[in-house]
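These notes concern the structure reproduced below.
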Amino acid sequence: MRYISTRGQAPTLDFEQAMLTGLARDGGLYLPEAIQQMDDIASLEGLAYEEAALRVIKPFLGESFSDDELTRAIDAAYAGFGHVARAPLRQLAPGHHLLELFHGPTLAFKDFAMQLIGQLFQIALKRSGQRITIVGATSGDTGSAAIEAFRGLDNVDVFILYPHGRVSEVQRRQMTTPENENVHALALDGHFDDCQARLKDLFNDHAFRDEVGLAGVNSINWARVLAQVVYYFTAAVSLGAPHRAVDFTVPTGNFGDILAGLVAKRMGLPIGRLVIATNQNDILHRALTTGEYRTGKVAPSISPSMDIQVSSNFERALFWAYDGDAAAVRQLMEELRQGGFTISQGALQALREDFVSGRASEAETTAMIRTIREETGEILCPHSAVGAKVARDHLREGVPMVTLATAHPAKFPDAVEQATGIRPDLPPHMAGLFDKPERSSRVENDAAALKSLIRERRTV
Ligand SMILES: *Cc1c(COP(=O)(O)O)cnc(C)c1O
């Protein structure tokens, strides 16, 4: 399996190289040259999550990892999850189901991908003896998931940039309390989009990139998207696929999680609609509705992991919507630097064949947490509530809807308490979080300052 860049000017790589690299050298995102159909989808029924993961992921790896290595990596990745089903489905109402993706060690869906790539990185680095510096940008949940997956590993330093003052206290403490020396939490003066932009600056400085062995584990990393494809299959199959279609609603920020749904669909899973659910930062909803992809100012919300104006992974969907025309994608991304672009009629039509969209305001999100609690007793995190609200606007007779529950409510206790009067407890394994000392460094919104800090702090 060969991987190509959405911008067409970076070397073609195999799976392992694409995973270790993250962002392509031309600024683009790696994608498989072709997506193979998955036959015998029906045979996934009744399998353990790990077995289903092996079947879904394996065809994308080519020669990079042996079956035995992949099996061990998958087993180790999900062993620490707090639910034996890994991604259990729960019924919210007739025809509406919740896919609980928050049973991993940091209580957000990001653990599904990060735990797996932590294992795969370890195998690859052991084999090559290479040393790397992982730098990631986070709106809150990626950072802790990355730290949890890479802390204490040999040959790796992990630096996480988060927007100072704009992540929840639980999210911050998950990043600042691990004691491992190879963990570095950096509070950047800016928004998540600034963190993401500075990260791109580092990757686009090829000399620096080679000097420190820069590796990316942000949601632009293809291996992360791939790991997330699995739960679309397990959920859909348990609701009757491939014999019937299933719709999914996905609370969306950087477009990674929902892109995994598109990959599943391209592999042959009968997904009817992929519903993009945004909070008040609704660039994707506006883009789908009007064809205009224009960035505005980030408005901080109670679902902070979705407070994003530039959805990096959308570039992959655009690449497919433009029929693999890398020159067209380059042109759009050039225009984006000036504030935005207009999606061509043909591409917009292609996008609308797979996606619909909706948004939830702050008040609607709070109201939905309360409603779901009253109707079912379930307590949703605000991101999942954005999903539930938009999903309810898109229910269709005879087609099951699955809403992805992306985080545990205890990660966002203030918003949940405000809506329900109940302050959700952290699970026992995280009980000491508020007593541990914190360790983090403030950093300016400036690429040069960031580079010198990384050079200075690296341990490998
Ligand atoms: C990251 C995150 C999202 C958004 O996921 P994307 O892949 O960036 O679209 C939604 N909810 C939670 C809780 C998250 O951590």
Side-chain angles (χ1 to χ4, degrees), residues 29 98-114 136-148 160 162-163 166-168 170-172 174-175 192-193 195-196 199 217-229 231-232 248-263 274-279 281-285 287 298 301-317 355 357 359-360 365 369 380-391 403-413 415-416 424:
L29 278 59
L98 194 69
L99 182 60
E100 294 185 351
L101 301 175
F102 50 71
H103 295 285
T106 72
L107 311 181
F109 82 87
K110 307 239 172 29
D111 288 322
F112 276 90
M114 212 62 89
T138 186
S139 55
D141 295 321
T142 297
S144 54
I147 287 170
E148 193 55 37
I160 298 297
Y162 65 91
R166 300 188 189 280
V167 297
S168 82
V170 173
Q171 289 177 317
R172 189 191 71 236
Q174 284 182 312
M175 294 188 277
F192 171 64
D193 288 313
C195 296
Q196 203 161 236
L199 183 70
V217 296
N218 259 74
S219 70
I220 49 164
N221 192 304
W222 168 255
R224 278 188 57 187
V225 174
L226 179 58
Q228 292 165 188
V229 174
Y231 45 70
Y232 286 90
F248 284 87
T249 299
V250 188
T252 303
N254 223 355
F255 212 76
D257 208 8
I258 195 162
L259 185 88
L262 183 59
V263 174
L274 286 161
V275 185
I276 298 166
T278 73
N279 65 21
N281 296 290
D282 61 352
I283 181 167
L284 288 165
H285 176 51
V298 174
S301 78
I302 56 171
S303 45
S305 304
M306 293 154 54
D307 289 346
I308 288 172
Q309 285 289 335
V310 179
S311 293
S312 299
N313 273 294
F314 192 53
E315 183 170 337
R316 288 187 165 112
F355 298 105
S357 64
R359 91 197 275 276
T365 306
I369 297 176
L380 299 186
C381 91
H383 309 77
S384 311
V386 167
K389 154 76 175 86
V390 174
T403 296
L404 273 53
T406 50
H408 191 287
K411 280 195 108 161
F412 306 93
V416 171

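Counting starts at 1 for both ligands and their atoms, following the listed order.
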Legend entry - Counterpart residues, salt bridge (Lys or Arg N to Asp or Glu O under 4.0 Å), relative to Lys110 (two or more places apart): none
Legend entry - Min side-chain heavy-atom separation Phe192-Arg166 under 4.5 Å: no
Legend entry - Neighbour list for ligand 1 [protein residues, heavy atom under 4.0 Å]: Phe109, Lys110, Asp141, Pro251, Thr252, Gly253, Asn254, Phe255, Gly256, Asp257, Ser305, Met306, His383, Thr406, Ala407
Inset, instruction - Check salt bridge (Lys or Arg N to Asp or Glu O under 4.0 Å) between Asp282 and all other residues, then give those that pass, not counting sequence neighbours. - result: Arg286, Arg359
Inset, instruction - For the residue pair Ser311 and Asn254, confirm or rule out a side-chain donor-acceptor distance under 3.5 Å. - result: no
Legend entry - Pairwise side chain to side chain donor-acceptor pair (under 3.5 Å) hits with a residue in residues 220-229, at least two apart: Tyr3-Trp222
Inset, instruction - Determine, step by step, whether His408 and His103 satisfy the side chain to side chain contact (heavy atoms under 4.5 Å, CB included) criterion, reporting the C-alpha distance in whole Å, the side-chain angles of both residues, the deciding distance to 0.1 Å, and the verdict. - result: CA-CA 8 Å; His408 191 287; His103 295 285; 5.9 Å; no
